[in-house]
Structures are given as C-alpha cells and as structure tokens.
Amino acid sequence: MVGQLGLSLLMPLLMCLFICYLLCTRLSVGAWVYIPGFILGLGGSMTTAYKVYLAVIHREEKKKKEKSSTEVYFNKHF
C-alpha cells in the first residue's frame with residue numbers, strides 16, 4: 001500500500017506539470033501556466049490519496065467486523 005500511496009501522490013502532479021510543459025513548448029504559452037498546473041496537480045494528488053486512505057480504512061473496518069463476530073469474549077453470552 002505504501003507504493004500505491006506514493007504513486008497516487010506523485011502521478012497527478014507530474015501529469016499536470018507535463019501538460020503545462022507541452023502547453024509552453026507547443027503553444028508558446030507563458031511560464032505562468034505552471035502555477036495553476038502545480039495547484040491542480042496537488043489537488044488531484046490529495047484527492048487520490050484521500051480515496052486510497054478511505055479504501056484502506058473501509059477494508060480495515062470490514063476485517064474488524066468479520067473478526068469480532070467470530071471471537072468469543074469472556075462476558076459474551078448466547
């Protein structure tokens with residue numbers, strides 16, 4: 001999961017910066033395009049990381065529910 005989280009943080013930022021690079025080289029847009037591209041890349045990476053985090057939490061809660069229903073406690077009665 002650590003590798004997945006690292007890639008989900010890095011790839012949206014790199015993709016947005018690459019698109020900004022293409023805009024600057026092919027369309028001769030000014031370098032100011034990198035600022036919104038960087039901000040959008042950070043927003044995309046945080047959104048993706050948050051979704052990965054929610055998936056991990058959901059999976060852990062599901063495991064916890066399955067585990068707790070089969071365990072027998074000292075004070076658990078019929």
Side-chain angles (χ1 to χ4, degrees):
M1 290 309 289
V2 173
Q4 168 110 20
L5 186 61
L7 284 175
S8 67
L9 284 173
L10 189 62
M11 286 310 293
L13 181 62
L14 290 178
M15 286 173 46
C16 284
L17 290 177
F18 181 69
I19 291 170
C20 291
Y21 170 75
L22 289 178
L23 284 173
C24 286
T25 57
R26 303 273 169 97
L27 298 177
S28 299
V29 179
W32 60 270
V33 163
Y34 283 103
I35 295 170
F38 184 75
I39 293 170
L40 288 174
L42 282 179
S45 66
M46 289 302 149
T47 303
T48 306
Y50 182 68
K51 286 183 180 183
V52 169
Y53 170 74
L54 287 180
V56 168
I57 293 298
H58 179 68
R59 188 179 327 142
E60 290 298 321
E61 286 178 356
K62 191 174 181 181
K63 283 183 186 177
K64 193 175 186 180
K65 282 184 182 180
E66 290 174 358
K67 188 177 179 182
S68 66
S69 65
T70 60
E71 286 184 14
V72 178
Y73 299 102
F74 176 72
N75 59 354
K76 188 174 182 180
H77 300 290
F78 295 101

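Transitive grouping of hydrophobic side chains (ILVMFWY, heavy atoms separated by less than 4.5 Å) keeps Leu13 and Ile35 in distinct clusters. Connection of Met46 to Leu40 is not established within any shared hydrophobic cluster, with ILVMFWY side chains joined at heavy-atom distances below 4.5 Å, either directly or through further cluster members. Under a hydrophobic-cluster definition in which Ile, Leu, Val, Met, Phe, Trp and Tyr are linked whenever side-chain heavy atoms come within less than 4.5 Å, directly or via other members, Leu14 and Leu9 are assigned to different clusters. Hydrophobic clustering of Ile, Leu, Val, Met, Phe, Trp and Tyr side chains at less than 4.5 Å, counting indirect connections, unites Trp32 with Leu23.
A heavy-atom distance below 4.5 Å is found between the side chains of Tyr34 and Cys24.
Smallest separation of non-hydrogen atoms from Pro12 and Leu7: CD-O, 4.2 Å. Heavy atoms only, all atoms of each residue included: Ala49 and Ser8 are closest at CA-OG, 4.2 Å. A pairwise comparison of heavy atoms in Val29 and Val33 identifies CG1-CG2, 3.0 Å as the closest pair. Between Ser45 and Leu42, the shortest heavy-atom contact is OG-O, 2.9 Å.
Taking SG of Cys16 as the start and CE of Met11 as the end, the distance is 10.5 Å to the nearest 0.5 Å. If you take NE2 on His58 and OH on Tyr53, they are separated by 14.0 Å, rounding to the nearest 0.5 Å.
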